[in-house]
Trainee: 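Below are the structure tokens for one structure; questions will follow.
Quick note on labels: first sequence line is chain A, next is B, and so on, each numbered from 1. Treat the numbers as computed from the prediction; the structure is a model and nothing was measured.
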Number of protein chains: 2
Amino acid sequence: MGISKTDCFTDRQNALAQQFKALSHPARIAIVEHILRVNSCICSDLVEEIPLAQSTVSLHLRELKNAGIIKGSIEGNSLCYCLNEAVLNELREYISDILNKISGKTECC
Amino acid sequence: MGISKTDCFTDRQNALAQQFKALSHPARIAIVEHILRVNSCICSDLVEEIPLAQSTVSLHLRELKNAGIIKGSIEGNSLCYCLNEAVLNELREYISDILNKISGKTECC
DNA sequence: TATGAATATTGTAATATTGCGATGAAATAA
DNA sequence: TTATTTCATCGCAATATTACAATATTCATA
């Protein structure tokens with residue numbers, strides 16, 4: 001059906017899925033890495049960096065922002081995007097927790 | 001087009017995107033959490049745990065396995081799935097690296 | 001060998017995603 | 001005021017994802 005049965009899962013599971021989904025496209029990985037690299041977060045030189053149409057880049061940015069991976073603030077005429085430390089930290093903690101729980105156990109596969 | 005222009009990005013970016021994509025659905029988050037919880041990785045009581053059809057669960061398991069998030073080994077008649085520490089570790093490191101790089105910098109948004 | 005249990009695969013349908021070009025909107029500069 | 005720049009949104013087309021039921025496969029066991 002192409003529609004996820006989100007009501008079958010917890011809010012937390014749905015939120016995590018959405019955050020990981022934001023990182024599930026190479027263009028969005030590239031955007032994150034570019035923001036990281038340029039330090040200054042004056043954006044959309046992104047459009048020149050990434051070989052996609054401006055409208056497509058804009059869409060990817062929106063998805064990243066919806067998921068909370070990046071934040072954006074208006075900077076006169078342009079928009080300033082930067083990474084959201086808090087959300088990235090949550091994701092790291094989530095994966096860390098999983099790793100901590102399995103680290104003691106014997107591998108079975 | 002619905003098709004990602006993967007050739008525009010590095011292999012690493014594409015691989016990371018695929019791994020995050022494996023975690024980008026609440027059912028797959030739920031599967032990972034269930035495997036984590038039951039410790040023993042004798043699976044597909046998963047089908048009873050997760051309110052989706054057996055074929056759908058099977059498909060999600062395949063995606064997780066393709067991305068390397070879980071490993072599966074044949075255990076007589078049934079299949080034993082468990083989490084793949086190595087790949088989860090890579091993902092944690094990737095996010096950690098990002099966080100390390102931004103931790104010193106001044107927030108701009 | 002035949003049956004059953006556990007998965008995987010296939011076919012089909014609905015919906016989502018990806019991408020582009022064109023168009024809007026909003027602030028700045030000329 | 002009139003460009004120009006910067007971004008968002010809309011409409012469209014192509015492809016991918018999600019889901020289920022039905023069927024196939026694979027192995028163990030009766």
Side-chain angles (χ1 to χ4, degrees), chain A residues 1-9 13-14 17-18 20-31 34-35 38 40-67 70-82 109, chain B residues 1-9 13-14 17-18 20-31 34-35 38 40-67 70-82 109:
Chain A
M1 301 196 172
I3 187 169
S4 300
K5 298 174 76 175
T6 51
D7 52 322
C8 296
F9 307 102
Q13 287 169 337
N14 284 311
Q18 200 210 352
F20 284 124
K21 179 180 246 161
L23 297 173
S24 77
H25 192 288
R28 294 195 288 270
I29 293 282
I31 287 172
H34 185 73
I35 294 179
V38 295
S40 127
C41 45
I42 294 136
C43 287
S44 287
D45 53 338
L46 270 174
V47 178
E48 294 183 22
E49 263 308 301
I50 292 170
L52 293 172
Q54 178 267 324
S55 57
T56 306
V57 172
S58 183
L59 197 102
H60 284 309
L61 284 168
R62 188 169 64 182
E63 277 189 70
L64 285 166
K65 204 164 105 181
N66 281 346
I70 62 177
K71 296 183 283 186
S73 63
I74 294 164
E75 192 83 21
N77 199 13
S78 60
L79 235 170
C80 166
Y81 281 116
C82 66
C109 294
Chain B
M1 301 199 167
I3 188 169
S4 300
K5 298 175 78 175
T6 51
D7 53 321
C8 297
F9 306 102
Q13 287 169 336
N14 283 311
Q18 200 210 351
F20 283 123
K21 180 180 247 163
L23 297 173
S24 77
H25 192 287
R28 294 195 288 271
I29 293 282
I31 287 173
H34 185 73
I35 294 180
V38 296
S40 126
C41 47
I42 295 135
C43 288
S44 289
D45 52 338
L46 270 175
V47 179
E48 294 183 21
E49 264 308 300
I50 292 170
L52 293 172
Q54 178 266 324
S55 56
T56 306
V57 172
S58 183
L59 198 102
H60 283 310
L61 284 168
R62 188 168 63 181
E63 278 190 68
L64 284 166
K65 204 165 104 183
N66 281 345
I70 62 176
K71 295 184 283 187
S73 63
I74 294 164
E75 190 83 22
N77 198 12
S78 61
L79 238 170
C80 168
Y81 282 115
C82 66
C109 296

Trainee: Is the phosphate of D:dT17, meaning OP1 or OP2, less than 4.0 Å from a side-chain N or O of B:H60?
Mentor: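 No.
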
Trainee: Tell me, do A:H34 and A:D45 make a side-chain contact under 4.5 Å, heavy atoms counted?
Mentor: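 Side chain of A:H34 against side chain of A:D45, heavy atoms only: contact under 4.5 Å found.
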
Trainee: Heavy-atom distance under 4.5 Å between the side chains of A:Y81 and A:L61, does that happen here?
Mentor: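 Result yes, sub-4.5 Å side-chain heavy-atom pair found.
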
Trainee: Rounding to a whole Å, what distance do you find between B:N66:CG and D:dA16:C1'?
Mentor: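 For the pair B:N66 CG and D:dA16 C1', the rounded distance is 15 Å.
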
Trainee: Taking only residues two or more places apart in sequence or in another chain, which ones pass side-chain contact (heavy atoms from CB on, under 4.5 Å) with A:C80?
Mentor: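 Listed in chain order: A:C41, A:S73, A:E75, B:C108, B:C109.
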
Trainee: How would you list all residue pairs meeting side chain to side chain donor-acceptor pair (under 3.5 Å) that involve residues 55-65 of chain B, not counting sequence neighbours?
Mentor: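 Listed once each, the pairs are B:R28-B:H60, B:R28-B:E63.
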
Trainee: For a 4.5 angstrom cut-off between non-hydrogen side-chain atoms, does A:E49 reach A:V57?
Mentor: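 Heavy-atom side-chain distance check fails, nothing below 4.5 Å.
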
Trainee: Just how far, in rounded Å, is C1' of C:dT15 from NE2 of B:H25?
Mentor: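 For the pair B:H25 NE2 and C:dT15 C1', the rounded distance is 12 Å.
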
Trainee: Please write out the pairs of protein N or O atoms and N or O atoms of nucleotides 3-10 of chain D separated by less than 3.5 Å, giving the distance to one decimal.
Mentor:
| from | atom 1 | to | atom 2 | distance (Å) |
| --- | --- | --- | --- | --- |
| D:dT5 | O2 | A:N77 | ND2 | 3.1 |
| D:dC7 | OP1 | A:L79 | N | 2.7 |
| D:dC7 | OP1 | A:L79 | O | 3.4 |
| D:dC7 | OP2 | A:C43 | O | 3.0 |
| D:dA8 | OP1 | A:Y81 | OH | 2.6 |
| D:dA8 | OP2 | A:S58 | OG | 2.7 |
| D:dA8 | N7 | A:Q54 | NE2 | 2.9 |
| D:dA8 | N6 | A:Q54 | OE1 | 3.0 |
| D:dT9 | OP2 | A:R62 | NH1 | 2.9 |

Trainee: Do you know the tightest heavy-atom contact between B:N14 and B:F9?
Mentor: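 For B:N14 and B:F9, the tightest heavy-atom pair comes out as ND2-O, 3.6 Å.
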
Trainee: To the nearest angstrom, how far is B:L64 atom CG from C:dA8 atom P?
Mentor: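 The answer, rounded to whole Å, is 12 Å.
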
Trainee: Which whole-number value in Å describes the distance from B:L52 CG to C:dT7 P?
Mentor: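 My rounded result for the distance is 16 Å.
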
Trainee: Does C:dT17 have OP1 or OP2 sitting under 4.0 Å from an N or O in the side chain of A:K21?
Mentor: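 Answer is yes, contact under 4.0 Å.
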
